[in-house]
There are 2 protein chains.
Amino acid sequence: MKIGELAETSGVPAKTIRYYEEIGLLPPPEREANGYRSYDRDALQRLRFVQHAQAAGLTLREISQVLAIRSEGRAPCVHVRDLLHRHLVQIDERLAELRATKRELQSLARHADALDPADCPEDVICSILVRAG
Amino acid sequence: MKIGELAETSGVPAKTIRYYEEIGLLPPPEREANGYRSYDRDALQRLRFVQHAQAAGLTLREISQVLAIRSEGRAPCVHVRDLLHRHLVQIDERLAELRATKRELQSLARHADALDPADCPEDVICSILVRAG
DNA sequence: GTACGCCTTCCAGTGCACTGGAAGGTCAAG
DNA sequence: CTTGACCTTCCAGTGCACTGGAAGGCGTAC
């Protein structure tokens, strides 16, 4: 399977697949006589794994770690479990932040919608936004 | 007021204040005879405004736009109102994404917690994560 | 006079995940 | 024989918001 086909099948751009190889996320594949990359089914499986792991919120660096552990023959279960729990905490934090920002923004938007631009005082930069934060 | 004092008062590192000036977010301040930056109260107000606007989720680029509009003498109200509404939409999208990821992660974590590492089959990269995505 | 802390500029790097483009090789169809 | 799709490498840029460090000037206290 050439890189274009792998890209097509996986939905990951060829450029990105080469990039994954470059950063050591994917192992260098076999090459055809003409130098083209030749991928087997494992490559697709790995790539799908990367997509799954990304969907789960892991960074490429973390995915590399999991992949490396596995290629050493150890089962990455414990490691992955830790990663998952840590990510859940992070997501909760981020959710809380976002919700706070949203409340902030909603309050500002309500204020903005009720405001006549003519009322904008000259001495402050923006009377909508000075209420933020 | 020298940059260190402004940094102290605002909580924004001096390095960052210089960076803001460099990208045109803050206007170049007066200089003392020795070349030190000399800030007035307006500078602190602007810096606070930047912090508020950032807290509201605006990017530095957007904040620059608001500041630029204001410095042209026009009230940025309408512009800001649009920004706010667009940001609210973005935040809702991001919230939905995050919540989906969280559900994903929770399901994976439950699976991981219930799993004995010895059960990890050799032929898949990680039986926890193949379920993701 | 020297030590220390503050200030200056400038250049470069961080993190994250790509993405673009140039210059050129390969292969099958028309 | 040329066109076009595909592949290669390499270098460089994107976006966002900083951050680090070197090399040197300034100002005050001891």
Side-chain angles (χ1 to χ4, degrees), chain A residues 1-26 28-39 43 46-47 49-67 83 86-87 90-91 94 97-98 101 133, chain B residues 1-26 28-39 43 46-47 49-67 83 86-87 90-91 94 97-98 101 133:
Chain A
M1 178 158 48
K2 283 187 290 184
I3 198 168
E5 203 185 331
L6 181 61
E8 185 71 21
T9 313
S10 64
V12 177
K15 198 104 200 184
T16 303
I17 297 174
R18 290 196 201 94
Y19 166 72
Y20 284 171
E21 183 186 328
E22 190 192 325
I23 62 167
L25 184 55
L26 298 178
E30 298 292 304
R31 295 293 180 128
E32 291 172 21
N34 57 18
Y36 289 10
R37 287 174 178 78
S38 177
Y39 293 96
R46 261 171 183 266
L47 199 44
F49 168 76
V50 171
Q51 289 179 293
H52 293 327
Q54 263 196 308
L58 305 199
T59 65
L60 294 187
R61 181 177 295 257
E62 289 168 331
I63 299 169
S64 287
Q65 285 166 19
V66 176
L67 251 23
L83 278 179
R86 260 186 287 132
H87 271 279
Q90 280 173 26
I91 284 187
R94 187 78 191 108
E97 257 178 55
L98 264 185
T101 304
Chain B
M1 179 160 40
K2 284 187 289 183
I3 197 168
E5 202 184 332
L6 180 60
E8 186 70 21
T9 312
S10 64
V12 177
K15 198 101 200 188
T16 302
I17 296 174
R18 290 195 201 97
Y19 165 72
Y20 285 170
E21 182 185 331
E22 190 192 322
I23 63 168
L25 183 56
L26 298 179
E30 299 292 305
R31 297 290 181 131
E32 292 171 18
N34 56 16
Y36 290 9
R37 286 173 178 78
S38 177
Y39 294 97
R46 262 172 182 263
L47 199 46
F49 168 74
V50 171
Q51 288 178 295
H52 293 328
Q54 263 196 309
L58 307 198
T59 66
L60 294 187
R61 179 177 297 257
E62 289 166 332
I63 299 169
S64 287
Q65 284 166 19
V66 176
L67 249 25
L83 278 179
R86 261 186 284 130
H87 271 279
Q90 280 173 27
I91 283 187
R94 187 78 192 109
E97 259 177 56
L98 263 187
T101 305

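Naming: A, B, ... by sequence-line order, numbering from 1 per chain. Note that the structure is a prediction, hence the values are computed from the model and not measured.
- Remark: A:Y20 is in phosphate contact with C:dC18, judged by side-chain N or O atoms under 4.0 Å from OP1 or OP2.
- A pairwise comparison of heavy atoms in A:Y20 and A:L60 identifies CE2-CD1, 3.6 Å as the closest pair.
- Taking atom CE of residue A:M1 and atom C1' of nucleotide D:dC7, one finds them 16 Å apart after rounding to whole Å.
- Between the CG atom of A:L25 and the C1' atom of C:dA17 there is a distance of 11 Å, rounded to whole Å.
- When all heavy atoms are compared, the tightest approach of B:S64 to B:G24 is OG-O, 4.5 Å.
- Between B:T59 and A:R31, the residue anchored nearer the 5' end of DNA chain D, judged by the nucleotide with its closest heavy atom, is A:R31.
- Between the B:T16 side chain and the B:V12 main chain, no donor and acceptor come within less than 3.5 Å of each other.
- The separation between A:I23 atom CD1 and C:dC16 atom C1' is 10 Å, rounded to whole Å.
- In this structure, A:E62 places its CD atom 14 Å from P of C:dG15, rounding to the nearest Å.
- No more than 12 heavy atoms of other residues, nucleotides or ligands shown are found within 6.0 angstrom of CD on A:E30.
- Applying a 4.0 Å cut-off to non-hydrogen atoms, the residues of residues 7-16 of chain A that approach DNA chain C are A:K15, A:T16, listed by residue number.
- The CD-P distance, from A:E5 to D:dC7, rounds to 9 Å in whole Å.
- Comparing B:E22 and B:R18 by the nucleotide of DNA chain C whose heavy atom lies nearest to each, the residue mapping closer to the 5' end is B:R18.
- Between A:L26 and A:V50, the closest side-chain pair of non-hydrogen atoms falls below 4.5 Å.
- Rounded to whole Å, the distance from OH on A:Y39 to C1' on D:dC7 is 11 Å.
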Strictly under 3.5 Å: I want the nitrogen or oxygen pairs between protein and nucleotides 25-28 of chain C, one per line.
residue : atom : partner : partner atom : Å
C:dG25  : N2   : A:Y36   : OH           : 2.6
C:dT26  : O4'  : A:Y36   : OH           : 3.2
C:dC27  : OP1  : A:N34   : ND2          : 2.9

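- Which of C:dC18, D:dT9, C:dT8 sits closest to the side chain of B:I3 comes down to C:dT8.
- Comparing atom distances between the B:L60 side chain and each of D:dA17, D:dT8, C:dT8 picks out D:dA17 as nearest.
- Rounding to whole angstrom units, CD of residue B:E32 and P of D:dT28 are separated by 11 Å.
- Put simply, NZ on B:K2 is 13 Å from P on D:dC26, counting in whole angstrom units.
- Counting only heavy atoms from C-beta on, A:Q54 has its side chain closest to C:dA17 among C:dA17, D:dT9, C:dC16.
- Nearest heavy-atom pair across B:L25 and B:L67 is O-CD2, 3.3 Å.
- For the pair B:R37/B:R18, a side-chain contact is recorded, criterion being any heavy-atom separation below 4.5 Å from C-beta on.
- Counting heavy atoms from C-beta on, the side chains of B:L58 and B:Q65 never come closer than 4.5 Å.
- B:R37 comes within 4.0 angstrom of sugar-phosphate atoms only, judged by non-hydrogen atoms across all strands, and of no base.
- Listed here is the closest heavy atom pair of B:A14 and B:I3: O-CD1, 3.6 Å.
- For B:K2 and B:E32, the salt-bridge test fails: no basic side-chain N is under 4.0 Å from an acidic carboxylate O.
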